[in-house]
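Before any comments, here is the structure.
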Amino acid sequence: MQPAKQLIKMDNITKTFPGVIALDNVKIDLKAGEVHALMGENGAGKSTLMKIIAGVYKQDKGKYYLDGKEIMFDFPREAQLNGISIIYQELNLIPDLSIAENIFLGREPSKRPGKIDWTRMYEDTTEILNELGINLDPAEKIKNISIANKQMVEIAKALSFNSKIIIMDEPTSALEDDEIEYLFKIINDLKEKNVGIFYISHKMDEIFRISDRITVFRDGQHIKTMAVSETNMDELIRLMVGREIKNIFPEREVEPVNETVMEVNNLTVINQIENISFAVEKGEILGIAGLMGCGKIDVGKAIFGCYPDTTGEILINNEVRKINSPHDAIKYKIALVSEDRKNGGLVLDRNVKENIMLSSLSQISGLLKLNHKKEKKVVKEAVKNLNIKVSNVEQPSKTLSGGNQQKVVIAKWLETKPEILILLEATRGIDIGSKTEIYELITTLAENGISILYISSELTELVGLCDRVLVMHEGKLSGVVSGNDINQEKIMYLSSGGTLNVG
């Protein structure tokens, strides 16, 4: 059997940004028909290297070979025309254009100059979608399709360039289990066609299922490349963080107090959630689980006053509270960390200091001006307590790694001194080291008496962190699991509409 053809080889690639060595003499290669997984903490250099491959950046030093020939792209378009496509975690589609228009954007087939051949474009789109086994109308607008289907449209777009190399950056971060299975089927089909795939993910189970080789990066350096069969989860974690992490989920030293802090009765948002009722104890980590679209995120947002048409009753410390806006929620010591840190959690163009103080300016406000001395002290303590890795607090938030951005968002809300903290997909798209730190922080907050509403699609998190887990199905509460009954099988059963006699 002949060895697989080498599609890409990179030798001693170095890339620097002002004050930062993003890549330091990195080497990597990709073979036809393989999935080569890239792992490392946020900021380790994975995405920078992929952007060099895709023509977004140029390396400062080192050599880049494509099909055995040395190359350097000036523009991403050149990389695309040479068969290289990149699918970003934040999907790069235009919502108000159709599927076909997105796939052929900038290269629409034409009958004559200035006249788009719509019939051919729809036919070509249908052919590509059929090749992937995707049943979508080419004329449907992107804004009307699911996240999973948007991911498939990005793959279809890559195939329309006859791509032989596809880079996937956290492709499953917003997908449910059945959607992930379908994506993996497509990936396996692409491998059969000798397409090479670079696959970036923080999800260990996926890496071991889908990849052939794994390369670990740390602090901009290549640490090790190995066959997936030659390694294990413990080794990968040690290689990524530079130390051994024995317990990803910390042990609870202080149990919840038998004291109800919040009671929710018949919480309803039309067409989203219906008659949701539960209570949260002081210092409890209460999980909410369910498949995408089940309404779990809406429960958190409704409690926080994001939906004006919310009905039902919310009691805080045994008193009925009207929460018609986030401002009301903050007044009653409730905080919410958004599931989308870049659009709902941070002002990306503002610096770390400004973002941390954004929700608690009253702390540092005088009669006519801000108390900058106090502000500096508060921010310095927040950065230290949450181990936020920044060059200084004036650093723009958009330049931080995903894990550090998330810590800034959490720090912002902790400065409001909440008694109830709602976390929506708190570890989405961040590395194992940052996840571990956030798990430790959540546990510490609970031990200090803060009640946590932990809403997540990650079953391992819910099992590893929570005292109880509420499970939702199609906008309704389908069951509750607690203690030794908290396991992935029971959560999935309830998520799919089953019922269990547990509490």
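Not measured: the values here are computed from a predicted model.
- For the pair Asp485 and Lys490, the salt-bridge criterion is met [side-chain N within less than 4.0 Å of a carboxylate O].
- Two rings, from Tyr439 and Tyr454, have their centers 6.0 Å or more apart.
- Surrounding NZ of Lys203 are more than 12 heavy atoms belonging to other residues, nucleotides or ligands, all under 6.0 Å away.
- The side-chain heavy atoms of Phe198 and Ile28, taken from C-beta on, include a pair separated by under 4.5 Å.
- Evaluation of the side-chain contact (heavy atoms from CB on, under 4.5 Å) rule for Glu253 yields Glu447 as partners, not counting sequence neighbours.
- Tyr57 carries Lys15 over the face of its six-membered ring, with the cationic atom under 6.0 Å from the centre and within 45° of the normal.
- Side-chain atoms of Ser146 come within 3.5 Å of backbone atoms of Asn149 as a donor-acceptor pair (strictly under, hydrogens ignored).
- Partner of Ile410 under the side-chain contact (heavy atoms from CB on, under 4.5 Å) criterion, chosen from Leu386, Ile356, Ile388: Leu386.
- Heavy-atom contacts from other residues, nucleotides or ligands closer than 6.0 Å to CG of Asn484 number 12 or fewer.
- No more than 12 heavy atoms of other residues, nucleotides or ligands sit less than 6.0 Å from atom CZ of Arg350.
- At least one side-chain heavy atom of Ile452 sits less than 4.5 Å from a side-chain heavy atom of Leu445.
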| said: Working note: Glu170 + Tyr88, criterion side chain to side chain donor-acceptor pair (under 3.5 Å); need CA distance, chi angles, decisive distance, verdict. | reply: CA-CA 8 Å; Glu170 296 285 353; Tyr88 294 101; over 6 Å; no
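- Arg428 has no carboxylate O lying under 4.0 Å from a charged side-chain N of Asp340, or vice versa, which leaves the two without a salt bridge.
- A salt bridge links Asp29 to Arg213: at least one charged side-chain nitrogen sits closer than 4.0 Å to a carboxylate oxygen.
- Under a 4.0 Å N-O distance rule, the pair Asp298/Lys296 does not qualify as a salt bridge.
- Taking every heavy atom of both residues into account, Val26 and Gly220 meet most closely at CG2-O, 3.3 Å.
- Lys435 and Glu437 are not joined by a salt bridge, as no carboxylate oxygen comes within less than 4.0 angstrom of a charged side-chain nitrogen.
- You'll find the side chain of Lys157 reaches within 4.5 Å of the side chain of Glu154, heavy atoms only.
- A salt bridge is absent between Lys322 and Asp328: the closest approach of a Lys/Arg side-chain nitrogen to an acidic carboxylate oxygen does not fall below 4.0 angstrom.
- Although no hydrogens or angles enter the test, the distance criterion places a donor-acceptor pair under 3.5 Å between the side chain of Ser451 and the main chain of Glu281.
- Atom CG of Asn392 has more than 12 heavy atoms from other residues, nucleotides or ligands within 6.0 Å.
- When only modelled atom types and interatomic distance are considered, Thr215 and His36 share a side-chain donor-acceptor pair under 3.5 Å.
- Contact between Thr460 and Phe249 at its shortest, heavy atoms only, is O-CZ, 3.4 Å.
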